[in-house]
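In what follows, chains are A, B, ... by sequence order, proteins preceding strands, each numbered from 1.
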Amino acid sequence: MPSDFVRDIVAQHIAERRYPEGIVTRFPPEPNGYLHIGHAKSICLNFGIARENNGRCNLRFDDTNPAKEDVEYVNSITADVLWLVEGWADHCLGLKPRGALPAAVTTAEGRPDHYAAAIPASDLPSARATSSAEAFFASDYFEALYGYAEQLIRKGRAYVCDLTPAETEEYRGSLEKPGRPSPYRERSVEENLDLFRRMRAGEFPDGARSLRAKIDMAAPNVWLRDPLLYRIRHIAHHHAGDGWCVYPLYDYAHCLSDYLEGVTHSICTLEFVDHRPLYDWILEALDLPRALPRQYEFAKLVPGYTLVSKRKLLALVNEKIVSGWDDPRMPTLSGLRRRGIPASALRRFVIGVGVTKFNSVTDLAVFEHAIRDELNQTAERRFAVLRPIKLVLTNLAPDEVLECRATNNPQSETPTTRALALTREVYIESEDFAEVPPPKYFRLKPGGEVRLKYAGIIKLDEIVKDASGTITELRCTFDRTSRQGEPGADRKVKGTIHWVSASHSFEAEVRLYDRLFTVPEPAAEEDFLKVVNPHSLETVRARLERSLADATLADRFQFERVGYFALDAKDSAPGRPVYNRTISLKDTWAK
RNA sequence: UGCUCGAUGGUGUAAUGGUAGCACAAGCGACUCUGACUCGCUUUGUCUAGGUUCGAGUCCUAGUCGGGCAGCCA
């Protein structure tokens, strides 16, 4: 396992036995949208560190802003995380008993504390099976968080402020000019406590008052200029119900949620570097009895030709450029999954790019290589003709059927085979034929020979066209002495192509996906909608070999010489499969 | 002219004062019943200027360039 600066820090902490209870990380999405490939890096980092150190990674919903959140997202995010982690780090997945709230506990030193315990790893499988396990929710900590807020008030470290949002902004100053203190900054502890309780009781309208940390309005770091801790929102919460009208803000809730869960390493992206002093300030202001979590930041993943901005992804959905959040062209985890990309390939990619503090754009080719490499090992080979052209083997009788043995996966140590039927009428790929071949063309051309893979060598005798000049069929002779097992089987011809029997194949819809954008950095574009790839989806009616009729969703296939394909989870029906192209094969010939 | 993080081939990264390495990409070749896979070879790099040192990608100083930050979003 290659190391990185975060893992180095963790390794050092382990060496100095800094966290005797073990390493605990967390993946804390807000349930306000779908997870995308960028989140995959965070998931693999957090779960990766947990599994490498015999620790735990809690799945926690950072759901402190009910106005933007919904259970639809908690469900999709949960499914996405489980998919990515399945069979890799599920044994260190931190979940809690359904409905559990943090418990009031007493430390070994006899000090009161709160703790949100995870289900022990040994009990996790059965808890998961019976659905008695669920993710952690920051909203489950609202009562504890409220208690900590009163503590801050009593310590004189927080105050209720009556400034309006506009006034608050004005008092905050600017990046280069210090702010000025709120006129409410010096209220007494008693008044603050009374006001904060009345805020909770619902006496004031939205935005009328807020709870603020009393830090330093002249701090060069703007996040330290008396940041807001609580705001008033008369709105029900998707998880906590309708018992609250004051909701904590991110900076206040996050560090304390980490603390409550016993998180040791709180790993987030670079844009939170400026928040770290506040993270530490809140925890240190509270005089907490256990070891405090620490925040570490890394650069997020930005793959080329891809957008990860929630706003822009939403625009693609709204503008109907894609069919939805799980469109196979979307960089969402649900889109990648529907596209047929194995979780293991995604993991390999996001782990392989490494962890640094340098913002960069990762070449999509690295991802594509990971997918191809994975699928090359695991996917069974099949024959499918995407754009069929009819070919007649004139020396085969109309009812003649020649059985051929095809290898399912040549990469396997013990390859299995299947039967393929060769008949008088077959289909080949129209691009495997050229009436006027370009230089170095190995495929079928007038008077030329080519091998039908696993069947034998054919020679093109005649091109049949209709009145309009369109080619309707190619008439060939089949060299029976080149069949498998015959003496001529090893005869060399330059080209080998795939094919399907007309009578032993079926027609099906196949969707060919390509990158969604035409430029490496669509996010840098003034109008990203202008660089959408108009050819990102091409739908064809293909001819597939019979065995492709009853595939399952878990199957991954290589259509030989074409690419890797999987069943579409949404639009496939029994007897009417729809295949998605996960990725094409590498093509170094290219026209 | 605020604070903060950063800079190694085309791209992503490694080297923790001691031979600048790996992967992807690209190019050439071999092999091939997939123009895939595999194998071999090749091209390309430490932001700049000083300094410390026997020795600097690494440490110091100054610069240059780039990212992030002023939601009652996360």
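Here the two rings, on A:H254 and A:H275, have centers that are 6.0 Å apart or farther. For A:F559 and A:Y579, the gap between ring centers is short of 6.0 Å.
The base-pairing partner of B:A15, taking Watson-Crick or G-U wobble contacts with both distances under 3.5 Å, does not exist among the strands shown. When Watson-Crick and G-U wobble pairs are counted only if both distances are under 3.5 Å, B:U53 pairs with no nucleotide at all. Applying the Watson-Crick and G-U wobble criteria (two distances, each under 3.5 Å), B:C72 pairs with nothing in any strand. Pair assignment for B:U64 gives B:A7, based on Watson-Crick or G-U wobble hydrogen-bonding distances that are each under 3.5 Å. Summarising the base pairing, B:C31 is matched to no nucleotide, lacking a Watson-Crick or G-U wobble pair whose two defining distances lie under 3.5 Å. Applying the Watson-Crick and G-U wobble criteria (two distances, each under 3.5 Å), B:G45 pairs with nothing in any strand.
The CG atom of A:N408 sits 22 Å away from the P atom of B:A36 (whole-angstrom rounding). If you take CZ of A:F442 and P of B:C33, they are 13 Å apart, rounded to a whole angstrom. Between A:W223 atom CH2 and B:U4 atom P the separation is 17 Å, expressed in whole Å.
Counting only heavy atoms from C-beta on, A:D373 has its side chain closest to B:U38 among B:G6, B:C24, B:U38. Looking at the side chain of A:S174, the nearest of the listed nucleotides B:C72, B:A70, B:U16 is B:A70. Of the candidate nucleotides B:C72, B:C24, B:C69, B:C72 has the atom lying nearest to any side-chain atom of A:P165. Minimum atom distance to the side chain of A:D363 is reached by B:U11, of the listed B:U32, B:U11, B:G2. With distances taken from any side-chain atom of A:D274 to the nucleotides B:C24, B:C3, B:A36, the minimum falls on B:C3. Closest contact between the side chain of A:P410 and the listed nucleotides B:U34, B:C72, B:C5 involves B:U34. The side chain of A:H275 sits closest to B:A74 out of B:A74, B:C33, B:C72. Listed candidates were B:C73, B:C5, B:G12. Nearest to the side chain of A:V273 is B:C5. In this structure, the nucleotide among B:C24, B:C37, B:U34 sitting nearest to the side chain of A:E560 is B:U34. Set against B:U34, B:U32, B:C73, the side chain of A:K494 has B:U32 as its closest nucleotide.
Once the 5.5 Å centre distance and the 30° plane angle are applied, the aromatic ring of A:W589 is found stacked with the base of B:G35. A stacked arrangement is not assigned to A:F358 and the six-membered base ring of B:A7, the conditions of a centre distance below 5.5 Å and an interplanar angle below 30° not being jointly met.
No engagement by A:G352 is indicated, since no non-hydrogen atom pair under 4.0 Å with the nucleic acid exists. A:V562 comes within 4.0 angstrom of no nucleic acid atom, judged by non-hydrogen atoms across all strands. Using a 4.0 Å heavy-atom cutoff across all strands shown, A:T164 reaches at least one base atom of the nucleic acid. Residue contacts shown for A:Q558 include a base, since a base heavy atom lies under 4.0 Å away. If you check every strand for non-hydrogen atoms under 4.0 Å, A:K177 touches nothing. Using a 4.0 Å heavy-atom criterion, one finds that A:I457 contacts no nucleic acid atom at all. Residue contacts shown for A:L163 include a base, since a base heavy atom lies under 4.0 Å away.
Distances shown here put a side-chain N or O of A:R231 below 4.0 Å from the OP1 or OP2 atom of B:A74. Put simply, A:S360 has no side-chain N or O that comes within less than 4.0 Å of OP1 or OP2 on B:U11. Residue A:K586 places no side-chain N or O under 4.0 Å from the OP1 or OP2 atom of B:G35. A close approach under 4.0 Å does not occur between any side-chain nitrogen or oxygen of A:T356 and OP1 or OP2 of B:G6. Checking the phosphate oxygens (OP1, OP2) of B:C24, a side-chain nitrogen or oxygen of A:H369 falls inside 4.0 Å. An OP1 or OP2 oxygen of B:C24 is reached within less than 4.0 angstrom by no side-chain nitrogen or oxygen of A:R348. Taking only side-chain nitrogens and oxygens, A:R60 never comes nearer than 4.0 Å to OP1 or OP2 of B:A74. Contact annotation: A:R372 side-chain N/O to B:C37 OP1/OP2 distance is not under 4.0 Å. Taking side-chain N and O atoms only, A:T588 has a distance below 4.0 Å to OP1 or OP2 of B:A36. Note on A:R276: every side-chain N or O is 4.0 Å or more away from OP1 and OP2 of B:C5.
Salt-bridge check for A:E449 with A:R491: passed, with a basic side-chain N closer than 4.0 Å to an acidic carboxylate O. Salt-bridge annotation for A:E545 and A:R418: present, with a side-chain N of the basic residue lying under 4.0 Å from a carboxylate O of the acidic one.
When the P atom is compared between B:C65 and B:C39, the two are found 45 Å apart, to the nearest whole Å. B:U13 and B:U1 have their C1' atoms separated by 36 Å, given to the nearest Å. A distance of about 23 Å separates the P atoms of B:A62 and B:G67, rounded to the whole Å. Taking atom P in both B:U46 and B:A7, one finds a spacing of 15 Å when rounded to whole Å. B:G66 and B:U8: their P atoms are spaced 14 Å apart (whole Å). Going from the C1' atom of B:G40 to that of B:U32 covers 16 Å, rounded to whole Å. With both ends at atom P, the span from B:G57 to B:G45 equals 15 Å, rounded to whole Å. Taking atom C1' in both B:G55 and B:A15, one finds a spacing of 16 Å when rounded to whole Å.
Considering only heavy atoms from C-beta on, A:L544 comes within 4.5 Å of A:V510 through its side chain. At least one side-chain heavy atom of A:Q558 sits under 4.5 Å from a side-chain heavy atom of A:R381. With contacts defined as side-chain heavy-atom distances shorter than 4.5 Å, the pair A:V81/A:L35 qualifies. The side-chain heavy atoms of A:L313 and A:P331, taken from C-beta on, include a pair separated by under 4.5 Å.
Summary of the strand contacts: A:R451 and A:Y230 both lie near RNA chain B, and taking for each the nucleotide with the nearest heavy atom, the more 5' one is attributed to A:R451. Toward the 5′ end of RNA chain B lies the nearest nucleotide of A:E169, the other residue of the pair A:E30 and A:E169 mapping further downstream.
The glycosidic torsion of B:G71 lies within 90° of 0, placing the base in the syn range.
Heavy-atom minimum distance, A:V74 versus A:P31: CG1-CB, 3.7 Å.
At a cut-off of 3.5 angstrom, counting only N and O atoms as typed in the model, there is a donor on one side and an acceptor on the other between the side-chain of A:R443 and the base of B:G35.
A donor atom on one side chain and an acceptor atom on the other are not found under 3.5 Å apart for A:D226 and A:Y171.
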